[in-house]
J.: 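So that we are looking at the same thing, I have put the structure below in C-alpha cells.
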Amino acid sequence: MVMIDDSRPIFVQIAEKIEDDIVEGRLPEESQVPSTNQFASFYQINPATAAKGVNLLVDQGILYKKRGIGMFVSTGARKELLKKRKHQFYEQFVVTMIREAEKLGITKEQLSEMIQKGDAHS
C-alpha cells in the first residue's frame with residue numbers, strides 16, 4: 001500500500017498524484033485516468049474521497065468526463081499544470097529565497113552567482 005500523508009487531506013493528495021502523473025508524462029493528454037474505485041482500492045480509502053480528488057481536477061479543467069466511459073486528461077492539461085506549478089515554485093521558493101538573502105545582506109548579483117555555481121557556501 002502507498003503511504004498517505006496524514007497532515008494533508010487525502011483528496012488533495014489524490015489530485016496531486018494525478019497532476020504529477022500528467023506533468024511527468026505517465027498520463028498523456030486524452031488518456032483515461034484510473035477510476036475512483038481503482039484509486040480507492042489502491043490507497044485503501046473511501047471511493048467518495050477519491051472522487052472528491054478527481055472532481056477537483058475536473059473543476060479546474062484538467063480532467064473531463066466521457067459519460068459511461070470514465071475520466072480523461074484534457075488537451076492542454078500538462079501545459080496548464082506546468083504554468084501553475086512554475087508560479088507556485090516562484091512564490092514558495094524564489095520569493096522566500098530572495099527575502100532571506102536580503103536579510104543576510106546578499107545582493108541579487110551574489111545570489112545569482114551562488115545559483116549559477118550551485119554552491120551557497122561562499
J.: Going by side-chain hydrogen bond (donor to acceptor under 3.5 Å, both in side chains), name the pairs with one or both residues in residues 20-30, residues two or more places apart or in two chains.
T.: Lys17-Asp21, Asp20-Arg85, Asp21-Arg26, Glu24-Arg26, Glu30-Tyr64, Glu30-Thr75

J.: Any side-chain hydrogen bond (donor to acceptor under 3.5 Å, both in side chains) involving residues 46-58? Give me the pairs, sequence neighbours left out, ordered by first then second residue.
T.: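 Qualifying pairs: none.
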
J.: Donor-acceptor pairs under 3.5 angstrom involving side-chain atoms of residues 87-105: please list them, not counting sequence neighbours.
T.:
| residue | atom | partner | partner atom | Å |
| --- | --- | --- | --- | --- |
| Thr96 | OG1 | Gln92 | O | 2.9 |

J.: Compare every heavy atom of Met71 with every heavy atom of Val54, then report the nearest pair and how far apart it is.
T.: CG1-CG, 3.8 Å

J.: Can you sort out the partners of Ser112 under side chain to side chain contact (heavy atoms under 4.5 Å, CB included), two or more places apart, ordered by chain and number?
T.: Gln116

J.: Going hydrophobic residue to hydrophobic residue with side-chain gaps under 4.5 angstrom, can you get from Phe72 over to Phe39?
T.: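 No, Phe72 does not connect to Phe39 through the hydrophobic network.
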
J.: With sequence neighbours excluded, tell me which residues meet side chain to side chain donor-acceptor pair (under 3.5 Å) with Lys65.
T.: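 Result, side chain to side chain donor-acceptor pair (under 3.5 Å) vs Lys65: none returned.
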
J.: Side-chain heavy atoms under 4.5 angstrom apart, residues restricted to Ile, Leu, Val, Met, Phe, Trp, Tyr: same cluster for Phe42 and Val33?
T.: yes

J.: How long is the straight-line distance from OH of Tyr43 back to CD1 of Ile10, given to the nearest 0.5 Å?
T.: 11.0 Å

J.: How about Ile18 and Ile62: do any of their side-chain heavy atoms sit closer than 4.5 Å?
T.: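 Not touching, per the 4.5 Å side-chain cut-off.
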
J.: In Å, rounded to the nearest 0.5 Å, how long is the span from CD1 of Ile14 to CG of Leu56?
T.: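 So the CD1 of Ile14 and the CG of Leu56 are separated by 11.5 Å.
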
J.: Please identify each residue that fulfils salt bridge (charged side-chain N to carboxylate O under 4.0 Å, His left out) with Lys86, with sequence neighbours left out.
T.: none

J.: Going by side chain to side chain donor-acceptor pair (under 3.5 Å), name the residues that satisfy it together with Glu16, two or more places apart in sequence or in a different chain.
T.: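 Testing Glu16 for side chain to side chain donor-acceptor pair (under 3.5 Å), a comparison that skips the adjacent residues, returns Arg8.
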
J.: Please give me the minimum heavy-atom distance between Ser74 and Gly61, naming the atom from each residue.
T.: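 The answer is OG-O, 2.9 Å.
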
J.: Which atoms form the tightest heavy-atom contact between Gly53 and Ala15, and what is the distance?
T.: O-CB, 3.6 Å

J.: Keeping to residues at least two apart or across chains, list the salt bridge (charged side-chain N to carboxylate O under 4.0 Å, His left out) pairs with something in residues 75-84.
T.: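 For residues 75-84: Glu19-Lys84.
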
J.: Return the set of residues passing side chain to side chain contact (heavy atoms under 4.5 Å, CB included) with Ser31 (not counting sequence neighbours), or none when no residue passes.
T.: Leu27, Pro28, Val73

J.: Taking only residues two or more places apart in sequence, or in another chain, which ones meet Pro47 in a side chain to side chain contact (heavy atoms under 4.5 Å, CB included)?
T.: Asn37, Ala40

J.: For residues 10-36, which residue pairs pass the ring-ring contact (aromatic ring centres under 6.0 Å, His included) check, not counting sequence neighbours?
T.: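 Checked against ring-ring contact (aromatic ring centres under 6.0 Å, His included) - neighbours excluded - no pair reaches residues 10-36.
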
